[in-house]
Amino acid sequence: MKRTLITSALPYANGYLHLGHCAGAYLPADIYARYLRLKGEEVLYVCGSDEHGVAITIAAEKEKVSPREIIDKYHEANKEAFEKFGMSFDIYSRTSLPGHHDTAREFFRDFREKGYLVDLEEEQFYDEDANMFLPDRYVEGTCPNCGYDHARGDQCDNCGAYYDQLKLKNPLSLVSGKSPVVRRTSHWYMRFDMFQSFLESYIESHAGDWKDNVLQQSRSWLKQGLNERAITRDLNWGVMIDDIPNIPPGKAKGKVLYVWFEAVLGYISATKELINILAEQGKGSSDSWKKWWQDPETRYIAFIGKDNIVFHTLIFPAMLHGKGEGYILPDNVPANEFLNLEGQKFSKSRNWSIDLRDFIADFPEPTANDSLRYTLAMNLPETKDSDFTWKDFQARTNNELAAIFGNFVNRTLQFAYKNFGKVPDLPKSSKWLTLFWKNLISYFESSGISDNELLGRVPEELKKIFNDNDINLIYAVWKGNREAGAFYERFRFRDGVSETMNIARAANKYFNDEEPWNSIKTDPEKAEKTIYICCQLVRSLAVLFAPVTPHASAKIFDTLGIEYLTGDSPKDDKSEDYWLQTALPADLEASKLKEPELLFAKIEDETVSVQQAKLGVKIEEKVKDVQKLISIEDFSGIHLRTAKVLKAEKVHKSKKLLKLLVDTGEGERQIIAGIAQHYEPEQLTGKTVIILANLQPAKLMGLDSYGMLLAASDKDGKLSILTTDTEDMPPGAEIH
RNA sequence: GCCGGAGUAGCUCAGUUGGUUAGAGCAACGGAAUCAUAAUCCGUGUGUCGGGGGUUCAACUCCCUCCUCCGGUACCA
């Protein structure tokens, strides 16, 4: 039995995940994991938050909160977003857990004992206000070469010169803004030079199966020769090493393991954590994590973005090899390039980004996540940087996902529901159809002839049961699931998904060619057979699309009233190859059909423009904002008034907006309110509502709005407008 | 600067070791059909393959050079 360990790069817990991250290391890994689970393989897919490092302490400093608050906020937010996005992690852990610290310390101690570490002294800038040593990134000063004022750490952006950090003139700490002092410090370095030849043969052993960019990048590093690298730094946030035996007292004080050294070990810690949880529930023993990391029968696939290549092809393998104990190395590191957004790089500081959580908030339907997954899957940066645009998202959703896959499912299930109220029984004339279907598949599989000839030589006895349309369709699903699977196994996810969509195309063609809307009148038995076969295809497509659109697939299984096969962990783990079985008919006859619902909502032009307009608009957000207290004077600047709704009407071409004419006591004014999905215009006329009267006027859908209608919203986005308790409150009454 | 990747149809992208007329999806146009979210199915074009030079019988593919973009090269993660 095949066993596969899958990891995705640990996202750094100082910001929200955006679509670029999803396309890089997460969605492809999830597709792969779900695919393998459907194949009946044993899979473990682990990930978690990377929660240490100086970027987190700086972020904490800036927001005047503790590092713990930063990581809690982003860990929880990212974990939740991943869940809703449909990531099928077996565990999503975090590196701040004690178990991870233990794992990391164990590696450190072991490497020190084995002589892989050296300690070296050096001088470095120290910020006395912030109490920290300053990485190059946090020092600015005058370039010793060209005199440029804003030269960074050890490189000048103006003239491009490199120099020792300490040669920088008039250095300033970017943390406190003060001048840093020079202090001596010592650090442990890992002797990566000792692993040079081992890594060379490791990399070359994968010359045939790794992606070119991964191979070349790794070779290039090896060609330049590996050096020792510092694995500790002076910081009080991270994995402490002051309790390691045989280190002179005080020497390790205030030092933590450097993040690049410790974060990759998070994969192992997360595995141990999951296995411990399972062991406590009586499922397996607590050291069975070893079968995932120390058993040569396990394949390990590490999904990452291109910025992470050498850490997963050289540094992590060196660490695993150095640790010994049978640790396995990555079998493949399918690194993706980067995803751009509307032609530009993702950038948090410019808010040129789509955060996953914002997408989920704006598109709360679970299957909208599938639209996103599909769009990203079809645009994965597999060989070069690719581009996400909202127009493409719209086109992929409307013209492909909804129009081809969604439409086939819908037209089939609607037809079955309206005409039969269930998946139709096979008519007497086709009683043996499922049996012959299996024979047809056996014929496809056993014949040694070329694919072109395959269809021409279908045995006569099968042709008595199946017409050409039937045979072409069954051939398409048989061929398609193999090709899609083969693409997935080569980490060609875009091609795999395309291939799956082609099966849906063939299914639509079959429906057209069979014309059940005619045969239901002229030859009902034929219609029953056609729709029976279409229902089989609906079910097959639900399985085949599950790695990409798990929510939609679940909806289909639910409508058909059959078992969910979405490759979620771990319940599909039954060692049956459900993937290949999609070419065969499943047991559907007994099932009762629910009334079918649409799978995918179409994306309107308006939605696209709203989303496009959000890009690049800066929003400041801080951890403590929610708790921020304001004074009574602050509140007096906010003019809340009652107002009577005189007239309400829908805004043309807008789903969400209502145009209101209100009496404010002092006169009439127009307010555009985003409540059309919750209130009909008639419900509002005559009501006394609360408005924010001194809000800056704004233009919405080209209409001027003078003020804001107040409404409460719950977490599902349901709205309730504020009104006064008594009916006779006059317009213009103050609220305080 | 150095190292790696990329620049192909209006758009998003494939193009294996150099070998006939450079492909797919979407968009566009024409037709068939009306079960289905006006959704489907069939048919039709389109390319100085970033610029320039070279090797070869033959170059999108190999070499040189220039331009543009991305990543690595930091005590960035």
Side-chain angles (χ1 to χ4, degrees), chain A residues 9-12 14 50 52-56 122 124-125 132-139 152-155 159-162 165 185 187 211-221 223-224 229-235 258-260 263-264 305-311 335 337-338 340 343 345 375 378-389 391-392 395-396 398-400 402-404 406-416 418-419 492 494-495 498 501-502 504-520 527 530-531 534 596 598-602:
Chain A
L10 306 187
Y12 200 53
N14 77 336
D50 172 6
H52 298 138
V54 74
I56 279 165
E122 61 188 8
Q124 214 184 335
F125 283 126
M132 62 182 285
F133 282 91
L134 294 169
D136 287 330
R137 196 180 161 191
Y138 295 109
V139 187
R152 294 220 151 206
D154 65 346
Q155 183 194 3
C159 67
Y162 282 88
Q165 194 196 40
T185 181
H187 283 294
K211 287 170 82 163
D212 229 39
N213 55 343
V214 176
L215 225 41
Q216 297 294 50
Q217 183 89 53
S218 309
R219 283 173 174 157
S220 155
W221 267 53
K223 209 170 137 196
Q224 287 165 44
R229 273 180 92 92
I231 65 164
T232 56
R233 63 189 323 185
D234 296 289
L235 203 68
Y258 194 9
V259 190
W260 66 256
V264 283
K306 68 172 160 183
D307 53 338
N308 243 327
I309 290 174
V310 290
F311 288 93
E337 303 287 312
F338 281 2
N340 288 324
K345 279 198 282 184
T375 305
M378 293 299 274
N379 285 310
L380 288 178
E382 287 173 349
T383 53
K384 62 178 170 188
D385 290 357
S386 65
D387 202 27
F388 178 92
T389 66
K391 274 213 150 320
D392 182 61
R396 296 274 182 199
N398 295 357
N399 305 338
E400 297 176 30
I404 299 169
N407 180 46
F408 173 70
V409 173
N410 192 242
R411 70 201 297 202
T412 297
L413 297 183
Q414 288 288 358
F415 198 100
K418 285 178 188 162
N419 292 290
R492 300 278 299 251
R494 277 207 313 232
D495 289 330
S498 279
M501 192 55 90
N502 283 338
R505 289 195 169 93
N508 270 319
K509 178 174 167 53
Y510 177 75
F511 202 111
N512 277 22
D513 292 347
E514 285 284 293
E515 303 181 347
W517 59 90
N518 286 331
S519 60
I520 189 89
T530 301
I531 295 303
C534 283
L598 290 176
L599 290 184
F600 305 104
K602 291 210 169 183

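Labels below follow one simple rule: chain letters A, B, ... track the order of the sequence lines, proteins then strands, and each chain is numbered from 1.
B:U44 sits 37 Å from B:C67 when the C1' atoms are compared, rounded to a whole Å. The same atom, P, is picked in B:G50 and in B:G7; the two are 7 Å apart, to the nearest Å. When the C1' atom is compared between B:U48 and B:A22, the two are found 14 Å apart, to the nearest whole Å. B:U21 sits 36 Å from B:G4 when the C1' atoms are compared, rounded to a whole Å. Distance check on atom C1': B:G47 versus B:A9 gives 5 Å, rounded to whole Å. The gap from the P atom of B:U40 to that of B:U8 amounts to 29 Å, rounded to the nearest Å. B:C3 and B:U46: their C1' atoms are spaced 39 Å apart (whole Å). Separating the P atom of B:C57 from that of B:G45 is a span of 35 Å, rounded to the nearest Å.
Both A:Thr232 and A:Ala395 sit near RNA chain B, but only A:Ala395 has its closest nucleotide nearer the 5' end. Where A:Leu599 and A:Arg494 each meet RNA chain B at their nearest nucleotide, the meeting point lying more 5' is that of A:Arg494.
A:Glu400 comes within 4.0 angstrom of sugar-phosphate atoms only, judged by non-hydrogen atoms across all strands, and of no base. Across all strands shown, A:Asn419 has no heavy atoms under 4.0 Å from either base or sugar-phosphate atoms. Among the atoms of the strands shown, base atoms are found under 4.0 Å from some heavy atom of A:Phe511. A:Ala403 comes within 4.0 angstrom of the backbone, heavy atoms only, and of no base.
The distance from atom CG of A:Asn379 to atom C1' of B:G25 is 11 Å, rounded to the nearest whole Å. Rounded to whole Å, atom P of B:U16 lies 13 Å from atom CG of A:Asp495. Note: CG (A:Asn340) to C1' (B:A6) measures 12 Å, nearest angstrom. One interatomic measurement links the two molecules: CD1 of A:Ile404 to C1' of B:C26, which rounds to 9 Å at whole-angstrom precision. As a whole-Å value, the separation of A:Asn502 CG from B:C42 P is 11 Å. Regarding A:Asn398, its CG atom lies at a distance of 16 Å from the C1' atom of B:C11, rounded to whole Å. Between A:Asp392 atom CG and B:C26 atom P the separation is 12 Å, expressed in whole Å. Between A:Phe311 atom CZ and B:G71 atom C1' there is a gap of 13 Å when expressed in whole angstrom units.
A search for salt bridge (Lys or Arg N to Asp or Glu O under 4.0 Å) contacts involving A:Arg396 returns A:Asp392, A:Glu400, not counting sequence neighbours. Listed by chain and residue number, nothing satisfies the ring pair (Phe, Tyr, Trp, His ring centres under 6.0 Å) test with A:Phe415 (two or more places apart in sequence, or in another chain). With sequence neighbours excluded, no residue satisfies side chain to side chain donor-acceptor pair (under 3.5 Å) with A:Asp307. The salt bridge (Lys or Arg N to Asp or Glu O under 4.0 Å) test applied to A:Arg494 returns no partner, not counting sequence neighbours. Taking the salt bridge (Lys or Arg N to Asp or Glu O under 4.0 Å) definition, one finds that A:Arg219 meets it with A:Glu204, sequence neighbours left out. By the salt bridge (Lys or Arg N to Asp or Glu O under 4.0 Å) test, A:Asp513 pairs with A:Lys509, sequence neighbours left out. Listed by chain and number, the residues in a side-chain contact (heavy atoms from CB on, under 4.5 Å) with A:Thr185 are A:Glu122, A:Gln124, A:Phe133, A:His187, A:Asp234, A:Lys255 (sequence neighbours excluded).
The distance from atom CG of A:Asn379 to atom CZ of A:Phe388, rounded to the nearest 0.5 Å, is 8.0 Å.
Checked against B:G71, B:U40, B:U37, the side chain of A:Asn512 finds its nearest nucleotide in B:U40. In this structure, of B:U34, B:A77, B:U37, it is B:U34 that holds the atom nearest to the side chain of A:Asn518. For A:Asn308, the listed nucleotide lying nearest its side chain is B:A77; candidates were B:A77, B:U34, B:C70.
Residues A:Asn398 and A:Phe600 have side chains not in contact (no heavy-atom distance under 4.5 Å, counting atoms from C-beta outward).
Taken together, the paired segments of RNA chain B that extend over three or more consecutive Watson-Crick or G-U pairs, each closer than 3.5 Å at both contacts, are B:1-7 with B:67-73, B:10-13 with B:23-26, B:28-32 with B:40-44, B:50-54 with B:62-66.
Across all non-hydrogen atoms, the minimal contact from A:Ile404 to A:Asn508 is O-ND2, 3.1 Å.
Under the 4.0 Å criterion applied to side-chain N and carboxylate O atoms, A:Lys306 and A:Asp385 are assigned as salt-bridge partners.
OP1 and OP2 of B:A36 both lie 4.0 Å or more from every side-chain N or O belonging to A:Asn508. The side chain of A:Arg492 places an N or O atom within less than 4.0 Å of a non-bridging phosphate oxygen (OP1 or OP2) of B:G15. Between A:Lys602 and B:A38, a side-chain N or O to OP1/OP2 separation shorter than 4.0 Å is absent. Between A:Arg505 and B:C42 there is no side-chain polar atom (N or O) within less than 4.0 angstrom of OP1 or OP2. Close to B:A27, at under 4.0 Å from its OP1 or OP2, lies no side-chain N or O of A:Lys391.
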From CA spacing to verdict: side-chain contact (heavy atoms from CB on, under 4.5 Å), A:Tyr258, A:Arg229: CA-CA 10 Å; A:Tyr258 194 9; A:Arg229 273 180 92 92; 5.6 Å; no

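Remark: ring of A:Phe415 does not overlap the six-membered base ring of B:C35 in a stacked fashion, as centroids less than 5.5 Å apart with planes less than 30° apart are not both met.
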Sub-3.5 Å pairs of nitrogen or oxygen atoms, protein against nucleotides 2-5 of chain B:
| residue | atom | partner | partner atom | Å |
| --- | --- | --- | --- | --- |
| B:C3 | O2' | A:Ser220 | OG | 2.1 |

